[in-house]
Amino acid sequence: MSGRLLRLVCTAAVAAGTVLAPLPAAAVPEPPAPGGRSVSELLTDLQRLYQQAEEATETYNATAEKLKEQRAQVRRLDGQLARARLSLHDSRGAAGRLARQQYQNSTDISPYVRLLLARDPQHALDQGHVIGQLARERAETVGRLTGSEKKADGLARKARAALDRQLTLSVRQKKDRDAVRKKLDDVEELLASLTEEQRGAVAELERTDVEAAQEDLVTSGALGDIDSDSDGVSDGEGSGSGSGEPTRAADRAVRYAVQQLGKPYEWGAEGPEAYDCSGLTSEAWGHAGRPIPRTSQEQWARLPRIALRELRPGDLVVYFPKATHVAIYLGGGQVVQAPRTGEKVKVSPLASHPILGAVRPDKGQGQGQDRDAR
């Protein structure tokens with residue numbers, strides 16, 4: 001990560017009230033907890049509820065995306081059906097005109113008899129050619145009518161099926177939304193049962209846990225030779241995991257994410273006033289001109305995966321076994337994330353949550369080539 005971009009991040013983080021470096025470690029008090037639970041047990045319960053709420057949120061987001069696609073398909077099929085019905089109307093009109101002409105020109109005399117009785121056989125033959133041409137045109141008209149009817153019937157069936165799927169998804173979306181609200185109510189209920197002292201103790205324990213997890217990650221060598229101080233922020237141009245210069249698209253994605261610092265988390269939100277975790281990452285890369293899937297689970301499933309030691313700014317870090325949380329890598333062992341309900345978009349240590357892996361939306365695009373294009 002370049003020093004210029006790192007300074008931009010630090011400035012934006014300070015302006016948003018985000019603290020990059022952890023506070024000095026302090027002893028974690030153990031005030032009495034509801035039901036006799038310890039502070040660590042309360043933290044475990046809260047983290048479980050937050051994770052369940054985020055999992056429900058990503059399920060809701062996935063259903064919302066499917067519903068959006070289904071609505072687009074319904075509109076597309078409705079347009080095709082309208083055009084097919086118009087074509088069918090025209091074909092029926094042409095067939096009707098031919099039927100009337102055939103009735104008006106009908107005769108019981110065979111064309112062969114007319115040829116034998118004709119005073120001018122050549123003229124009769126010419127007439128026969130014209131009649132044959134008309135017969136072929138009639139056959140084509142009838143064929144078009146039959147084809148139009150089949151096409152209209154097929155499109156009508158597809159449109160009805162698409163509408164049924166849309167209604168099914170709408171019902172599922174409501175259930176998903178209710179599930180999210182239930183999980184968030186559970187979080188609020190637990191938080192409301194705690195005193196201010198207990199909430200402070202839980203927050204302090206979570207902070208020290210993250211600090212320890214970050215230290216373990218850095219010292220494990222999983223990130224390569226990262227040059228960091230105690231807070232994990234790169235001191236210079238970046239080295240090790242932070243040394244890979246981002247592509248132009250990745251740089252834009254990171255800058256967009258940094259500009260959102262301080263905005264609130266809101267489940268299902270895609271900006272610009274609020275975001276959930278995958279709403280932030282998908283919008284950041286969409287702003288960079290590279291659309292990616294909307295949900296963290298789809299981002300993990302469909303984007304190219306990379307090793308943690310290959311991380312460079314703009315890559316996405318995916319968390320938890322079910323890929324229910326995602327953040328955008330900033331460099332120097334830090335990420336930008338929309339954490340959870342009640343918090344704001346902020347800069348956090350890479351190890352803020354259990355890491356599942358990382359993906360690179362623009363994998364395969366050469367850095368050198370991209371720099372030359374700047």
Whether the side chain of [X] engages the backbone of [Y] through a donor-acceptor N/O pair (distance < 3.5 Å, no angle test) should be reported.
{"X": "Ser170", "Y": "Gln166", "result": "yes"}
{"X": "Lys363", "Y": "Arg305", "result": "yes"}
{"X": "Tyr265", "Y": "Ala269", "result": "no"}
{"X": "Arg252", "Y": "Gly289", "result": "no"}
{"X": "Gln337", "Y": "Val347", "result": "no"}
{"X": "Gln334", "Y": "Gly331", "result": "no"}
{"X": "Lys344", "Y": "Leu261", "result": "no"}
{"X": "Gln70", "Y": "Ala162", "result": "yes"}
{"X": "Trp285", "Y": "Gly314", "result": "yes"}

Report yes if the side chains of [X] and [Y] come closer than 4.5 Å at any heavy-atom pair, otherwise no.
{"X": "Gln73", "Y": "Arg165", "answer": "yes"}
{"X": "Lys66", "Y": "Arg172", "answer": "yes"}
{"X": "Leu330", "Y": "Pro313", "answer": "no"}
{"X": "Lys174", "Y": "Asp178", "answer": "yes"}

Please work out whether the ring planes of Tyr275 and Tyr256 are parallel, tilted or perpendicular, with thresholds of 30° and 60°.
->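 If you compare the ring of Tyr275 with that of Tyr256, the planes turn out perpendicular.
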Evaluate the ring planes of His353 and Tyr319, with Trp represented by its six-membered ring, and classify them as parallel (under 30°), tilted (30 to 60°) or perpendicular (over 60°).
-> perpendicular
When rounded to the nearest 0.5 angstrom, what distance separates [atom1] in [X] from [atom2] in [Y]?
{"X": "Thr247", "Y": "Arg290", "atom1": "OG1", "atom2": "CZ", "value": "6.5 Å"}
{"X": "Glu270", "Y": "Thr281", "atom1": "CD", "atom2": "OG1", "value": "10.0 Å"}
{"X": "Ile306", "Y": "Arg360", "atom1": "CD1", "atom2": "CZ", "value": "4.0 Å"}
{"X": "Ser282", "Y": "His287", "atom1": "OG", "atom2": "NE2", "value": "13.0 Å"}
{"X": "Leu280", "Y": "Ile328", "atom1": "CG", "atom2": "CD1", "value": "7.0 Å"}
{"X": "Leu356", "Y": "Phe320", "atom1": "CG", "atom2": "CZ", "value": "10.5 Å"}

Does the side chain of [X] come under 3.5 Å of the side chain of [Y] through a donor N or O and an acceptor N or O?
{"X": "Thr57", "Y": "Asp276", "answer": "no"}
{"X": "Asp176", "Y": "Thr63", "answer": "yes"}
{"X": "Gln299", "Y": "Ser278", "answer": "no"}
{"X": "Glu211", "Y": "Gln214", "answer": "no"}

Take Arg71 and Lys68 through the test side chain to side chain contact (heavy atoms under 4.5 Å, CB included) and record every step on the way to the result.
-> CA-CA 5 Å; Arg71 283 172 174 160; Lys68 185 189 301 182; 5.9 Å; no
Stepwise side-chain hydrogen bond (donor to acceptor under 3.5 Å, both in side chains) test for Thr324 and Glu54 | CA-CA 6 Å; Thr324 51; Glu54 193 152 43; 5.2 Å; no
Under a 4.0 Å N-O cut-off, is there an ion pair linking Glu206 with Arg340?
->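 So Glu206 pairs with Arg340 through a salt bridge.
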How far apart are the C-alpha atoms of Glu58 and His325, what are their side-chain angles, what is the distance that settles it, and do they pass the side-chain hydrogen bond (donor to acceptor under 3.5 Å, both in side chains) test?
-> CA-CA 8 Å; Glu58 291 302 289; His325 186 72; over 6 Å; no
Given Leu46 and Leu190, is the side chain to side chain contact (heavy atoms under 4.5 Å, CB included) satisfied, shown in steps?
-> CA-CA 8 Å; Leu46 267 174; Leu190 179 54; 3.7 Å; yes
Are Leu194 and Leu205 co-members of a hydrophobic cluster defined by side-chain heavy atoms under 4.5 Å apart?
-> yes
So which heavy atom on Gly268 is nearest to which on Asn61, and how close?
->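 That would be CA-OD1, 3.4 Å.
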Please report the C-alpha distance between Val187 and Thr341 in whole Å, then the side-chain angles of each, then the deciding distance to 0.1 Å, and finally whether the side chain to side chain contact (heavy atoms under 4.5 Å, CB included) criterion is met.
-> CA-CA 9 Å; Val187 172; Thr341 298; over 6 Å; no
Given Glu245 and Arg312, is the side chain to side chain contact (heavy atoms under 4.5 Å, CB included) satisfied, shown in steps?
-> CA-CA 7 Å; Glu245 184 177 348; Arg312 71 187 189 205; over 6 Å; no
